[in-house]
Amino acid sequence: MAAAARPPPALSVTPAAQSASGRGRAQPMGAGQGRAMAELSGGSEPVAVPLWPPGESPPSFQYSPDSVPGADGEIDPTEITFPGCSCRSSSCAAPECSCLGRGDNYSGPCLRGAEQEGFARPVFECNALCQCGESCPNRLVQRGLRLRLQVFRTPRKGWGVRALEPVPRGTFVCEYAGEVLGTAEARRRMQAQSPQDANYIIAVREHLHDGRVLQTFVDPTRVGNVGRFLNHSCEPNLFMVPVRVDSMVPRLALFAATDIPAGEELSFDYSGRFHNSPGGSKEHTPLEEDNRLRKPCYCGSPTCASFLPWDSSLFSTPDSSP
């Protein structure tokens, strides 16, 4: 905990492989069932998450606004291990607040410093043990979804997410929530997939100033939220930041990288290159035998790399992994 509170790490967000072209492909549904599925979250989010077009829905999964322990039970993201701040005010302020002293914080509903290029900085929100109230402005991601988002079927990429309202730069958009896995279980799941399977597993690597690397694996395949439908782009309009609330297990929060007009598809770079220094990503150059697992990229940006980012680390054995 102390190490993470020192100079900020560079953040490398890399996919364990990458999401399949057309991941979450829609299945036709009857009219009655389509109406029942018109809202994705089942009322578990503060705002509704509608689906488009009517009468169709993604393959079944369990919706959860927050990350949950994986089937291996190795990591519990709901465990409270951080001490709370002793601020008596309902609005914490630096440098008095111990939570704000650990990393970046917010300016209203936006991430402070989002207009700056460079390293993604860690964020520590006030937690369940803090003396400040629920109205403290340093409680943003934990409050859940606030923007009106829609999950919609795209022409070539399966399902995607778009905003139904303008999103100012730096605004918290949504979390990438799912099962938090240990390395062994993440590797087992990856190696059990076929090239045709859609992959949702994200490997987040935070590079600390002393050379250590913190790894977090999140898999929203079976349990997840609206973030599981975000597509990759080589020129994304979102970037991911690890936000810690109750423990060192981060919430994977996505913020607007630019002003986003209503109706524009939301995306982030699966390799984690955005807001990171050159070389900060751990994306690997695939070997010839790995090319069969690569998926085409349909982002359509002028700088499109033609393939989704690749990271073969979870396909290697523990002894040979980087």
Side-chain angles (χ1 to χ4, degrees), residues 1-6 8-9 11-13 16 41 44-46 61-87 92 97-106 120-145 172 174-189 200-208 210 212-228 240-254 314:
M1 176 174 148
R6 293 180 183 178
L11 171 65
S12 174
V13 182
S41 75
S44 62
E45 294 280 14
F61 72 102
Q62 180 182 338
Y63 196 100
S64 174
D66 306 309
S67 287
V68 300
D72 55 352
E74 184 175 327
I75 300 170
D76 184 357
T78 67
E79 184 180 6
I80 302 174
T81 59
F82 280 168
C85 69
S86 57
C87 303
C92 291
C97 178
S98 57
C99 300
L100 292 175
R102 297 187 180 116
D104 257 351
N105 60 334
Y106 309 115
R121 295 174 56 87
V123 176
F124 292 81
E125 293 192 358
C126 292
N127 60 54
L129 299 181
C130 290
Q131 297 297 311
C132 59
E134 291 298 320
S135 61
C136 175
N138 195 37
R139 299 174 183 266
L140 180 62
V141 173
Q142 63 189 270
R143 292 194 184 110
L145 190 64
F172 168 61
C174 69
E175 186 176 343
Y176 193 89
E179 293 181 87
V180 181
L181 307 174
T183 304
E185 177 64 11
R187 179 177 285 113
R188 186 195 68 78
R189 292 189 183 188
Y200 294 87
I201 299 176
I202 285 287
V204 175
R205 298 183 177 93
E206 298 171 85
H207 297 262
L208 302 184
D210 58 6
R212 289 181 298 151
V213 179
L214 302 179
Q215 294 193 102
T216 304
F217 301 99
V218 175
D219 181 9
T221 305
R222 305 167 185 171
V223 182
N225 73 335
V226 63
R228 78 195 290 276
M240 182 177 281
V241 174
V243 174
R244 291 177 166 85
V245 181
D246 292 318
S247 72
M248 279 299 292
V249 181
R251 293 173 179 243
L252 307 185
L254 290 141
L314 292 185

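- Side-chain contact between P220 and Y176: present, with at least one pair of heavy atoms (C-beta onward) separated by less than 4.5 Å.
- Nearest heavy atoms, A177 versus N225: N-OD1, 3.1 Å.
- Under the 4.5 Å side-chain criterion, counting only non-hydrogen atoms from C-beta, F217 is not in contact with R187.
- The CD atom of Q215 sits 8.5 Å away from atom NE2 of H207, with the distance rounded to the nearest 0.5 Å.
- Taking the side-chain contact (heavy atoms from CB on, under 4.5 Å) definition, one finds that T78 meets it with D76, sequence neighbours left out.
- Separating the CG atom in N138 from the SG atom in C132 is a distance of 7.5 Å, to the nearest 0.5 Å.
- F61 is listed as a side-chain neighbour of R228, based on a closest heavy-atom distance under 4.5 Å.
- The backbone N or O of E125 sits nowhere less than 3.5 Å from a side-chain atom of R139 that would complete a donor-acceptor pair.
- A donor-acceptor pair under 3.5 Å links the side-chain atoms of R143 to the main chain of E134, judged by distance alone.
- Considering only residues two or more places apart in sequence or on other chains, C87 meets the side-chain contact (heavy atoms from CB on, under 4.5 Å) condition with C85, C92, C97.
- Not one N or O on the side chain of E185 forms a donor-acceptor pair closer than 3.5 Å with the backbone of A71.
- Between atom CE of residue M248 and atom CZ of residue F124 there is a gap of 5.5 Å, rounded to the nearest 0.5 Å.
- Taking each heavy atom of V218 and G178 in turn, the nearest pair found is CG1-N, 3.6 Å.
- Here the closest non-hydrogen pair linking I80 and A128 is CD1-CB, 3.7 Å.
- The two atoms that bring V245 and N127 nearest to each other are O-CB, 3.0 Å, heavy atoms only.
- In this structure, L208 and L214 have side chains that are in contact, with non-hydrogen atoms separated by less than 4.5 Å.
- Residue L140 comes nearest to F172 through the heavy atom pair CD2-CB, 3.9 Å, listed as atom of the first residue, atom of the second, then distance.
- Under the ring pair (Phe, Tyr, Trp, His ring centres under 6.0 Å) criterion, Y63 pairs with no residue at all, not counting sequence neighbours.
- Between the OG atom of S247 and the CD1 atom of I75 there is a distance of 9.5 Å, given to the nearest 0.5 Å.
- Across all their heavy atoms, A253 and V141 have their closest contact at CB-CG2, 3.8 Å.
- The line from SG of C126 to CD of Q131 is 10.5 Å long, rounded to the nearest 0.5 Å.
- With rounding to the nearest 0.5 Å, the separation of CG in D219 from CZ in R189 is 5.0 Å.
- Considering only heavy atoms from C-beta on, E79 stays 4.5 Å or farther from P69 through its side chain.
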